[in-house]
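Heads up: the structure comes next, in structure tokens.
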Amino acid sequence: MSDFDVDLFVIGGGSGGVRAARIAATYGAKVMIAEEYRVGGTCVIRGCVPKKLMVYASRFSDDFHDAAGFGWTVGPSSFNWPTLIRNKDLEIDRLESIYRSNLEKAGVEIVDSRAVIEDAHTVRILKTGARVRARYILVAVGAYPTLEPAIPGGELAITSNEVFHLEAQPKRILVIGGGYIAVEFAGVFAGLGSEVTLLHRGPKLLRGFDEDVRDALADAYAKRGIKLALSMTVTRLDKTPDGIAATLSDGSIVTVDQVLVATGRRPNTAKLGLENVGITLDAVGAIPVDAYSQTVIPSIYAVGDVTNRANLTPVAIREGHAFADTVFGDKPTSVDHDLIPTAVFSTPEIGVVGHSEAAAEERYGEIDVYKAVFRPMRATLSGAPDRVLMKMIVDKATDKVVGVHIVGHDAGEMIQLAGIAVTMGATKADFDRTIAVHPTAAEELVTMRTPVPAKKPVAA
């Protein structure tokens, strides 16, 4: 008789944990998964999926405006926040039921409770107190948004968790942060008609992105009426009869209806019992793992944001799958975190794969840079001020394309396909001999022929 109740116990029912559980089960493993909130995790329940639905909602105002230039007469329009939130919630409920159904069909037992680690092979289910012995334990609890740094009145602000459940649309909102979440929600609320101030402590948004991308987004957001407060911080928040008064580091005060803090997320490792087995967390609270997601304890693995490697949903899914292949499929698989296509669902949208110009120059030495900035065809009749940026970075020594950067409509869709080519090691010559699809924005990726002078980065 086995000493274990299950082959695998997964703590966390988000994207990485669910994928690992399902794939392990298909290999014949007996699997149990514990989730204390809702199956689907941050991405499905209160992250990228509901956010993308809100992004879609915010872009209809542009569609109504642009239609006139193409001969359409669009009558008076209005936006209803409760309708969006209600329909968004219905869709999230539907998706969660699908996640649960897929786990059950795979034979995975779902436990609706928090679970903690007691030793290298034992997990305790808090709701019942039951202890489960597992041959392997996988930690996939993700990360949580922070209200950092702490300031007087900080409790008046909300995070990206609460923003999805606001009863009313804030007419004035201060968004604090310069990363994915901050710029995306700034774009959402601006598109829905809110007065938006986007504050970031650095001189530019999206630290780590290519300089041209950062400049293009800032320019586009300014044209969309978003007030950019860069190289600034908030020193305190105060409740007033007119809303929330935010005192900024330059002494000015911005009064708004809501303050959204999107300054970062931290691994959700508190009170998991990791100290019981001798796993020491890193400086930000993440679980250190090797290339195969294994911790210093051979029976315990971790995937996704809790490891703080590359905090993106598709990466967590890939890591979960690779874990199952390695441990239960007899196919040792590691995940390459060096080349990851990604999108920022700002408006305009951003799609990136590979290195920025500065990073490529540092890594490869001599590079060629190709860039095109142009007015998209849709804007020619609508009169919109939209611009598209296409940028390609090429390693001179090998002619390999090592970076593609797009700012513009459907950049996320385009970068997924460009990502295939870059991942396969396509050269600039490969792009050049590809016949263009005309008229499209993406054709610029295969028609740029003349390198441009290199651009020196500024401090982040």
Do we see a donor-acceptor contact under 3.5 Å between the side chains of Asn308 and Asp305?
-> no
4.5 Å side-chain heavy-atom contact, Ile125 and Val132 = yes
Residue pair Thr233, Arg201: steps toward the side chain to side chain donor-acceptor pair (under 3.5 Å) verdict | CA-CA 5 Å; Thr233 60; Arg201 64 183 179 181; over 6 Å; no
CD of Glu319 to CZ of Arg19: how many Å apart, nearest 0.5 Å?
-> 12.5 Å
Can you tell me if Arg133 and Thr122 form a side-chain donor-acceptor pair at under 3.5 Å?
-> yes
Tyr37 atom OH, neighbour heavy-atom count above 12 within 6.0 Å | yes
At what distance, to the nearest 0.5 angstrom, does OH of Tyr301 lie from CG of Asp290?
-> 7.5 Å
Near Phe79 CZ, under 6.0 Å, is it more than 12 heavy atoms from other residues, nucleotides or ligands?
-> yes
Classify the side-chain pair Tyr180/Thr342 by whether it contains a donor and acceptor separated by less than 3.5 Å.
-> yes
Looking only at heavy atoms, what is the nearest atom pair of Trp81 and Met54, with distance?
-> CH2-CE, 3.5 Å
Hey, is NZ on Lys88 packed in by over 12 heavy atoms from elsewhere, all under 6.0 Å?
-> yes
Close aromatic pair by centroid cut-off 6.0 Å: His355 and Tyr364 = yes
Verify the ring-centre separation between Phe9 and Phe4: is it less than 6.0 angstrom?
-> no
For the atom pair CD1 (Ile287) and OG1 (Thr280), what is the distance rounded to the nearest 0.5 Å?
-> 11.5 Å
May I have the step-by-step check of salt bridge (charged side-chain N to carboxylate O under 4.0 Å, His left out) for Asp238 and Arg236, ending in yes or no?
-> CA-CA 7 Å; Asp238 294 286; Arg236 65 178 298 117; 2.8 Å; yes
Hey, are Arg309 and Ser293 close enough side-chain-wise for a donor-acceptor pair under 3.5 Å?
-> yes
pair Val422-Val402: side-chain heavy atoms closer than 4.5 Å = no
Are side-chain N/O atoms of Ser252 and Asp250 paired as donor and acceptor at under 3.5 Å?
-> yes
May I ask you to check whether Tyr136 and Phe328 place their ring centers less than 6.0 Å from one another?
-> yes
Flag for Glu162-Thr159: side-chain donor and acceptor within less than 3.5 Å | yes
Determine, stepwise, if the pair Glu195 / Lys171 fulfils side chain to side chain contact (heavy atoms under 4.5 Å, CB included).
-> CA-CA 6 Å; Glu195 182 181 304; Lys171 297 304 178 185; over 6 Å; no
CD1 (Ile350) and CG (Leu205) are apart, to the nearest 0.5 Å, by 9.0 Å
Nearest 0.5 Å, what's the CD1-CD1 distance between Ile33 and Ile110?
-> 7.5 Å
Distance-only donor-acceptor check, side chains Tyr27 and Asp325, under 3.5 Å | yes
Verify whether one side chain among His405 and Glu211 offers a donor that lies under 3.5 Å from an acceptor in the other.
-> no
